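Count residues from 1 along the sequence. One-based numbering, in listed order, for ligands and for the atoms of each. Excluded from the calculations below are hydrogen atoms, water molecules and symmetry mates; all remaining heavy atoms, backbone and side chain alike, are included. Being a predicted model, the structure only gives us computed values, none of them experimental.
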Amino acid sequence: MTYRQLPDIMYAEVHPTPVSRAELVVFNDPLAEELGLDISLWKNPELLAGNFVPKEFTPIAQAYIGHQFGYPTMLGDGRAILLDEVLSPQGERFDIQLKGAGRTPYSRRGDGRAVIGPMLREYLVSEAMHALGIPTSRSLAVVLTGEPVYRERAFPGAILTRVASSHLRVGTLQYARSKNVIKEVSDYTIARHDPLCKEESEPYLCFFQEVLSRQAKLIALWQAFGFIHGVMNTDNMTISGETIDYGPCAFMDTYRADQVFSSIDQTGRYRYSHQPLIAKWNLARLADALIPLIDREEQTAIDKLLGVLNTFEEKYREEWRLQFGKKFGLVNPSKEDVAMMEAFLELLEKEEMDFTNSFLQLSDDPFALLFPSEKGVNWQNAWRRRVKENSTPEDAKTLMLSANPRVIPRNILLEEVLGAARSGDIAPFKEMLEIVTHPFSAKVPEKYLQSSPSDKKFVTYCGT
Ligand code: AMP
Ligand code: MG
């Protein structure tokens, strides 16, 4: 495991705590194949539950800080254990982690465990994100542990096997800086994610720029699919640009710029419209951590980092324009088109319309009137004119249908299938998983298409 090359302070050696009865609930065969995993080893519920750890594995929990809702706390993997790193057939390195595998030195007052509902929720939402084309950690399996886990009441305990191109977070580098090992950890991170920066005259600045670009793209993709992460603390923002930590996240049905789902986000810090702003705020924390690597003169280092940090808005707007452009059938949207696209979102919000379904209706039939108001009719006419100038109707439609999913994991339905799974019926979950991992397919049962007006008041919880 390459992570163990890092200074000891960065991790703790720890073994999963065995459970009483491991039972496989869901396993991701296509992912296992993609990663070239040996099925006879990895599809074994005893391994996935942490009861059996091959001798050559040397599991650890990682240490990191997290700015949680703006305030820093010492965290670390409190219930996740990094089992091993694997190399895919293409030579790409991946972490395989068990989430809910027992206490670690970073557990604080937590029990190190997880329950079935939130683990299945992460499995389904992360796999749906992947199918939508959004960079994300993946889910290999969920197992039941045969042990109760106490939250508001007793729930069946479960463990999720999470796969990611690494679990390096903004908070990992913040922690490294606080322990005076920022150079070692940054060099490792660069070797793992941005090896080309090593050749640059300013490798650490190059690295910062790369992380920033990945985040700008990621957030634009979240916005394009109506995804609200819900807990964008610095420990939940990866260096790889993959979405991580599926606690209180949710896709919105009705479009509302200020939508918040998370029960603990009282001030709306992580609301939909704030996601780009928060990404930049988190990147500023990363910049803080990198200061000593940039220049001996602190002010010079800060100026250089700020120079990069301030490219965020532009990068983000560019990504937003490209992503939303596709949704409107525009290959090369101009700056003026941005105003047209934003006007659409305002109309959606005013008419309290469904985000996903409205884009889909425009894609399926650009002539069917979407909005009842005169303003809306005018908008649609103007939009159709722009599409005509930009490409052929056929090309526009193909583009739109590749960017506007027919189905997203809708909250009310997801709760229903998780409820069934909690009481032992996994079939509805598996059906929904199959549907949401083919989001652009033309054949989707009617119930997955329905927008729920009560979705606005839907509440999510940090999945403990
Ligand atoms: P999160 O809000 O999910 O990002 O979690 C914040 C921190 O709390 C992370 O360091 C987790 O490892 C830790 N944590 C969450 N749930 C538990 C638990 N049940 N036991 C121990 N640590 C936990
Ligand atoms: Mg987290």
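Across E34, E242, E122, a single residue satisfies salt bridge (Lys or Arg N to Asp or Glu O under 4.0 Å) together with R138, and that is E34.
Only side-chain heavy atoms of N236 come within less than 4.0 Å of ligand 1; its backbone N, CA, C and O stay farther off. Contact annotation: for D77 versus ligand 1, heavy atoms closer than 4.0 Å belong to the backbone alone.
Taking a 4.0 Å cut-off on heavy atoms, R108 registers as neighbouring ligand 1. Within the structure, ligand 1 lacks Y106 among the residues with a heavy atom less than 4.0 angstrom away.
Distances from the Mg ion (ligand 2) to the N/O/S atoms of D245 are shortest for OD2.
The option from A114, G112, C462 that lies nearest to atom 18 (C) of ligand 1, judged by heavy atoms, is G112.
Taking a cut-off of under 4.0 Å to the non-hydrogen atoms of D245, the atoms of ligand 1 that pass are 1 (P), 3 (O), 4 (O). Of all the atoms in ligand 1, the ones that sit under 4.0 Å from a non-hydrogen atom of R151 are 19 (N). Residue D235 approaches ligand 1 through these ligand atoms, each under 4.0 Å from one of its heavy atoms: 4 (O). Applying the 4.0 Å criterion to heavy atoms of G110 picks out, from ligand 1, the atoms 20 (N), 21 (C).
Ion pairing of D245 with R169 is absent here, as no side-chain N (NZ or NE/NH1/NH2) approaches a carboxylate O to less than 4.0 Å. Using a 4.0 Å cut-off between a side-chain N of Lys or Arg and a carboxylate O of Asp or Glu, K447 and E431 qualify as a salt bridge. Here K315 does not pair with E318 in a salt bridge; the nearest charged N to carboxylate O distance is not below 4.0 Å. Between D288 and R177, no side-chain nitrogen of the basic residue sits less than 4.0 Å from a carboxylate oxygen of the acidic one, so the salt-bridge criterion is not met.
Y204 does not carry K183 over the face of its six-membered ring by the limits of under 6.0 Å from the centre and within 45° of the normal.
Checking only distances, V231 never comes within under 3.5 Å of ligand 1, N or O to N or O. For ligand 1, the polar-atom distance check against L75 finds no nitrogen or oxygen pair separated by under 3.5 Å.
Look at N233 and the Mg ion (ligand 2): no N/O/S atom of the residue is under 2.8 Å from the metal.
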Atom pairs and distances, donor-acceptor, side-chain atoms in residues 5-17, under 3.5 Å, two or more places apart:
from	atom 1	to	atom 2	distance (Å)
Y11	OH	R4	O	3.2
E13	OE2	R4	NH2	2.7

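A donor-acceptor pair is defined here as one N or O able to donate and one able to accept, closer than 3.5 Å; such a pair exists between the side chain of S126 and the backbone of Y123.
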